[in-house]
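Take a look at the structure below.
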Amino acid sequence: MAEEELIYDFSTIEKRWQEYWEREKIFRAEDDSEKPKYYALDMFPYPSGAGLHIGHPEGYVASDILARYKKACGFNVLHPMGWDAFGLPAEQYAIKTGTHPSVTTMENIDNFRRQIKNIGFAIDWDREINTTDPEYYQWTQWIFLKLFQRGLAYVDEKPVWWCPNLRAVLANEEVVDGKSEVGNHPVERRNLRQVVLRITAYAEKLLAGLDDLDWPDSTKRQQKAWIGRSEGAEVEFAIEGINEKLKVYTTRPDTLFGATYMVVAPEHPLLDNLVIQEKANEVKAYVEAAAKKSDLDRTDLAKDKSGVFTGSFCVNPVNGEKIPVWVADYVLISYGTGAIMAVPAHDERDHEFAEKFGIEIKRVIANPNGDETESKLPYSGPGVMVNSGEYDGMDADACKSKIITDLEAKDAGKGAVNYKLRDWIFSRQRYWGEPIPLVWVSAEDYEIAKQTEGAIKDLIPQNDVTTQKDGQLLYALPLPASELPLQLPEVENYQPSGTGESPLATISDWLEIWFDLETGKSISRDEAKPEGTTWVSASRETNTMPQWAGSCWYHLRYIDPKNPENLVDKEKEAYWGGPDFYIGGAEHAVLHLLYARFWHRFLYDEGVLANPEPYRKLFHQGLILGEDGNKMSKSVGNVVNPDVVIDAYGADSLRLFEMFLGPLEAVKPWSEKGIEGVHRFLRKVHRECLRTDKHNAKEESNKDTLKVLHESILKVTEAIEDLRFNVAISQMMILINHLQKVDSYSIDTAKALLQLLAPFAPHLAEELWGNLGGQPSIVNEPWPQARKELLVTEEITIVFQVNGKLRGQGQFPKEVEKDAVISAAKADTKVQSFLEGKEIVKEIYVPGKLVNLAVKG
RNA sequence: GCUCAGGUGGCGGAAUUGGUAGACGCGCUAGACUAAGGAUCUAGUGCCGAAAGGCGUGGGGGUUCGAGUCCCCCCUUGAGCACCA
C-alpha cells in the first residue's frame with residue numbers, strides 16, 4: 001500500500017459523507033413507523049452574529065451520539081434543529097444600521113446552519129423551524145389567544161422593571177441583582193401597562209409535576225424555590241379605633257402569642273387609615289424615602305432595619321393583647337398580604353428590628369435542648385409551646401393546625417398557602433417579537449361584540465380585559481384564528497419610543513384599524529370604513545411577546561413542522577410524545593424551562609396534547625472554558641472558534657474531543673494539546689483499519705482480541721446509556737491500542753470497532769466501513785451485541801493482602817476453592833515476610849478477587 | 001448569611017458502588033527511525049527512597065479484616081437563593 005493512501009484526509013472524507021447523508025436523507029424521521037421512537041432535542045440556538053461558539057456543539061454532539069446510537073438500536077429517531085430567532089441583538093443592530101431584523105436574522109441563520117452542518121449531525125433538516133417565520137409564530141399567537149380566552153392573560157398597569165438603556169420592560173426573571181440579565185444595565189420601577197400571563201394559576205401543578213421528571217436535582221430545586229410554596233395561615237387582627245382588619249400571612253401560627261408588633265409595607269393600602277395625626281409627617285417621610293429606594297437598596301445592600309411606628313394598635317385574636325403597628329420596608333407589598341405579625345423571639349428579621357427599636361421580645365417556643373437564655377434568641381427550631389395560654393406544653397409544630405382550627409372557629413383566620421411565584425409579564429416594548437393579537441375597542445363596541453354571533457364571540461374571556469387610554473376605558477378583543485398570523489408591519493425606525501411604547505405604536509396605518517366584530521377582519525383606518533354595522537374603529541395592541549414565547553412550544557412543532565391546520569397533528573403528537581432527551585444550558589433552569597412547562601401543561605389541560613410535561617429527561621452540559629481556565633470571552637482573547645478547529649483537525653476530532661474533555665455536566669477547560677490526542681487516536685483507527693495485511697480473516701479467532709472487543713462493546717454501550725461519553729472514548733482507545741499490538745485481527749473486529757465509533761466520529765466510521773467492504777450507510781447497521789461469555793477467562797488473578805495492604809497475587813483456575821487460595825497466599829514468599837512473628841487473627845476471602853490476612857503482634 | 005454539589009498525580013479525568021487507587025488522554029524522561037523532527041514507534045512516569053520499604057484520594061477523627069467510596073467535625077472551591085414572614 002502506498003504511503004499517500006494512509007493519510008487521514010478528514011476534509012475530503014467529512015465533506016463526502018455529509019453530502020451523502022443529506023442527499024439520501026439518511027436521518028429523516030418517519031411519522032408512521034412501526035419502530036419505537038426516540039426524540040433527542042437540543043435547546044435551539046439564538047442565531048447570533050458572532051456565529052457558533054465552541055459551547056454549542058457540546059450539547060449537540062451529546063444528543064447526536066444518542067440519536068445515532070438509538071438509530072442503530074432500532075429506533076425511529078427524531079433529531080431536529082431550528083432557530084430561536086426573535087431577540088434583542090437583531091433589533092439593536094437594526095436600530096443602529098436600519099437593516100431590517102429579518103435580514104440580519106436570515107444571514108445569521110444561514111451561517112449557523114452552515115457551521116452546524118459542518119459538524120455532521122444526524123439532523124432531519126426537513127423539520128427545521130424558525131420562530132420568526134409567520135407560519136411558525138401564528139401558532140405562538142394561537143396559543144396566546146387560547147390563554148386569553150381562558151382568562152390566563154390580562155392587562156394591568158403595574159410597577160415593572162424598566163431598563164432605560166434597553167428602553168424595555170423586563171420580566172422578574174430577567175433582572176439579576178438589580179441589573180438587566182442582558183447587558184447588565186441598571187433597572188428601575190415604572191408603572192406601565194402590561195400584558196400579563198397568569199402563571200400563578202399553575203403554581204401548584206408546576207410544583208407537583210416536578211416530582212416525576214428525570215431532571216438534574218439542582219434544576220428541580222431551583223424551580224421549586226422559584227415557585228416558593230409555603231403553608232401557613234392568614235390571621236386577621238382587629239385594629240383599635242378603626243372598623244378594619246389587618247390581615248397577615250404567617251407560616252408560624254404557633255408563635256402567635258409571641259407577636260409583639262405588626263408591620264405593614266410602605267405601600268400597604270390601609271396605611272393611611274392606620275397613621276395617627278402626630279405620626280403623619282414622620283410616616284409620610286418614611287414612605288416617600290422607601291419609594292425612592294430602588295429594590296437594590298431595599299434588598300441587596302445594607303440590611304439595616306428601618307421603620308416608623310404608626311401610632312395604631314391591633315388586637316391579638318388569641319389573647320386580646322394590644323400590639324403596636326409599624327411601617328417598615330423590610331416587609332414587601334408583593335408577598336402574602338403585605339403585612340406581618342412580628343415575632344422577634346423566633347424570627348431573625350423581627351428580632352433585629354425589635355432590638356433596634358426596643359420592642360418587647362417574648363419567647364413562646366422552648367428549645368428542647370434546654371438553653372433558655374435570651375442570647376440564644378431568635379430560636380426557629382422545634383420545641384414546646386410556652387407563654388401561650390392553653391397551648392402551653394404542646395409540641396409547637398403539631399400545634400400549628402390546632403391554632404388554625406381555633407382561629408377559623410373565631411372567624412379570625414384560616415389556613416393558607418402562599419407562593420413566591422409572580423405572574424409573568426409577557427409584553428415587551430419592542431419591534432422584533434411576535435405581535436400580540438389583540439385589538440382595543442370602546443365599551444359600546446365591546447358589548448356588541450359579545451352579542452354578535454361570529455368568529456369572536458366565543459373567544460372573549462369571562463372577565464373583561466380593559467385598559468385606560470387618554471381617559472377612556474378600552475376593552476380587549478382577540479383576533480380569531482382565521483386572522484393569524486398577525487404579521488409584523490414594516491417600520492421606518494426600530495427605536496422604541498422613550499415613553500415605553502413599542503415602535504409599532506408609531507405605525508398608525510397598522511395601529512389604527514377598522515375592525516369587524518363578527519369576522520375579526522380588519523383594514524387600515526386610512527381606507528374607507530367598510531359597509532355593515534359590525535365594523536368599528538379599533539386600535540391594535542402594540543406590545544410584542546418576549547423571546548421566551550417561541551421556545552415555549554417549539555418541541556411540539558418539530559413533530560409536525562409544516563402543518564397549516566394545527567399546531568401539531570394529534571396522532572403524530574401521540575406517536576412522538578415529548579423529547580426522550582433534552583439537553584441545554586443550566587442557565588435556563590427557571591426561565592425557559594418553567595415557561596415551557598406552563599404552556600405545555602395549559603395545552604394539555606385544553607386537550608390539545610396527550611402529555612402534561614414537555615421534557616421528561618433533561619440534562620445540562622457543562623460550560624467549556626478557555627485554555628486559561630477562564631470563561632471564553634472576546635475581551636480576554638481565549639475564544640476557540642469551531643471553524644478553525646475543524647479546519648485543523650476535522651469535525652470528527654472536534655466531536656470526539658468535546659466528549660473526551662470530561663464528564664458532560666462538568667465545567668472544563670479547552671486544551672489544544674488535548675484535541676491532538678484524540679486526533680492521534682482517529683489517525684490510529686484510520687491506519688489500522690486500512691492495514692489489509694493485518695486482516696487475516698472474516699471472523700475473529702484470537703481469544704484476547706475477542707475479550708477486549710466484547711469488553712469494549714459492553715463498556716461503550718453502558719457508557720453511552722449513562723451519558724458518560726468520556727469513558728466510552730477511553731474504552732475505544734484501549735481497543736485500538738490492543739489491535740495495534742496484535743499481529744493480526746479479523747475484519748469483523750475492525751467493523752465492530754467502527755460501529756462503536758460511528759456515533760462519535762461518524763464521518764471516519766462511514767469512510768472506513770466502506771473501505772472494509774461494508775455497504776453504506778453504517779448508520780443503518782444494528783448496534784453490536786456484547787457476548788458476555790467471552791469475558792470470562794479460564795484463569796483469574798487473585799490478590800493477596802496482609803492487613804488490607806497489597807503484598808502479592810496469584811493465578812488460579814476460575815473454579816478454585818477458598819482453602820487453596822488461602823494456602824497459596826500464605827505460601828507466597830512476600831506475604832510470608834509480613835506474617836513472620838505475627839499471629840493471623842482473621843482470614844478474609846472474597847471469591848475470585850482477593851485474600852486478606854489480618855495479623856497482629 | 002442560608003441551601004446544594006464538589007475537592008483524586010504536573011494537567012483533564014477513571015475506579016465493577018466497601019475489595020489491586022491513578023484506567024484513558026495530555027505533559028514529561030529515555031531510546032529507535034531520521035538530513036531533520038513539533039511526525040511516528042518502543043519503554044518508563046503518584047510521591048519519598050539506591051533498594052527493601054514507607055507514604056498517598058483537601059485536613060482531623062471514627063466504623064471495618066479492608067475506606068477515594070460509609071459516619072462526625074473542620075478547611076476550601078463552585079452553583080443557586082438572598083428580608084418571601
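Below, chain A is the first sequence line, B the second, and so on; all start at residue 1. Quick note: numbers below take in every heavy atom, side chains included, and nothing from hydrogens, waters or symmetry partners. As the structure is a computational prediction, the values presented were derived from the model and not from experiment.
- Across all strands shown, A:T797 has no heavy atoms under 4.0 Å from either base or sugar-phosphate atoms.
- With hydrogens and angles left out, the side-chain atoms of A:K684 and A:N737 include a donor and acceptor closer than 3.5 Å.
- Put simply, CG on A:N630 is 16 Å from P on B:rU77, counting in whole angstrom units.
- With distances taken from any side-chain atom of A:I844 to the nucleotides B:rC4, B:rC65, B:rU40, the minimum falls on B:rC65.
- Among the protein residues, A:S218 comes within range of no part of the nucleic acid, since none of its heavy atoms lies under 4.0 Å from any strand.
- For B:rG38, the OP1/OP2 oxygens have no side-chain nitrogen or oxygen of A:R680 closer than 4.0 Å.
- Contact annotation: A:Y335 reaches the phosphate of B:rA85 (side-chain N/O to OP1 or OP2, under 4.0 Å).
- For B:rU3, the paired base is B:rA79 (Watson-Crick or G-U wobble, both distances below 3.5 Å).
- The phosphate of B:rC65 has OP1 or OP2 within less than 4.0 Å of a side-chain N or O from A:K842.
- Ring-centre distance between A:H686 and A:F10: not below the 6.0 Å cut-off.
- Residues A:L757 and A:F681 have side chains in contact (heavy-atom distance under 4.5 Å, counting atoms from C-beta outward).
- No engagement by A:R229 is indicated, since no non-hydrogen atom pair under 4.0 Å with the nucleic acid exists.
- Checking B:rU20, B:rG13, B:rA85 against the side-chain heavy atoms of A:Q801 singles out B:rU20 as nearest.
- A sub-4.0 Å separation between OP1 or OP2 of B:rU20 and a side-chain N or O of A:R807 is absent.
- The listed nucleotides are B:rA85, B:rG19, B:rC83; the one nearest the side chain of A:K849 is B:rG19.
- Heavy atoms of A:I340 sit under 4.0 angstrom from at least one base atom.
- Residue A:N737 is classed as a sugar-phosphate contact, given heavy-atom separations below 4.0 Å to backbone atoms only.
- A:N726 comes within 4.0 angstrom of the backbone, heavy atoms only, and of no base.
- Against the 90° criterion about 0, the sugar-base torsion of B:rG9 places it in the syn range.
- Nucleic acid contact class of A:Q740 (heavy atoms, under 4.0 Å, all strands): sugar-phosphate only.
- At a threshold of 4.0 angstrom between heavy atoms, the contacts of A:K420 include nucleobase atoms, whether or not backbone atoms are also involved.
- Heavy atoms of A:T250 sit under 4.0 angstrom from primed sugar atoms or phosphate atoms, though from no base atom.
- One side chain, A:D350 or A:Y330, offers a donor N or O that lies under 3.5 Å from an acceptor on the other.
- B:rU77 and B:rU8 have their C1' atoms separated by 15 Å, with the value rounded to a whole Å.
- Side-chain N/O atoms of A:K305 and base N/O atoms of B:rC83 include a donor-acceptor pair closer than 3.5 Å.
- Among the atoms of the strands shown, only primed sugar atoms or phosphate atoms (P, OP1, OP2) are found under 4.0 Å from some heavy atom of A:I734.
- Look at B:rU57: its glycosidic torsion is beyond 90° from 0, and that puts it in the anti range.
- You'll find that the side chain of A:R724 is closest to B:rA14, out of B:rA14, B:rA39, B:rG53.
- Across all strands, A:K715 comes closer than 4.0 Å to no nucleic acid atom at all (heavy-atom distances).
- As the counterpart of B:rA35, no nucleotide is assigned, since no Watson-Crick or G-U wobble pattern has both distances under 3.5 Å.
- Residue A:L850 places its side chain closer to B:rG19 than to any other of B:rA85, B:rC41, B:rG19.
- Here the nucleotide nearest the side chain of A:F834, chosen from B:rG54, B:rC55, B:rG12, is B:rG54.
- Contact annotation: A:K673 side-chain N/O to B:rG27 OP1/OP2 distance is under 4.0 Å.
- The side chain of A:Q222 places no N or O atom within less than 4.0 Å of a non-bridging phosphate oxygen (OP1 or OP2) of B:rU3.
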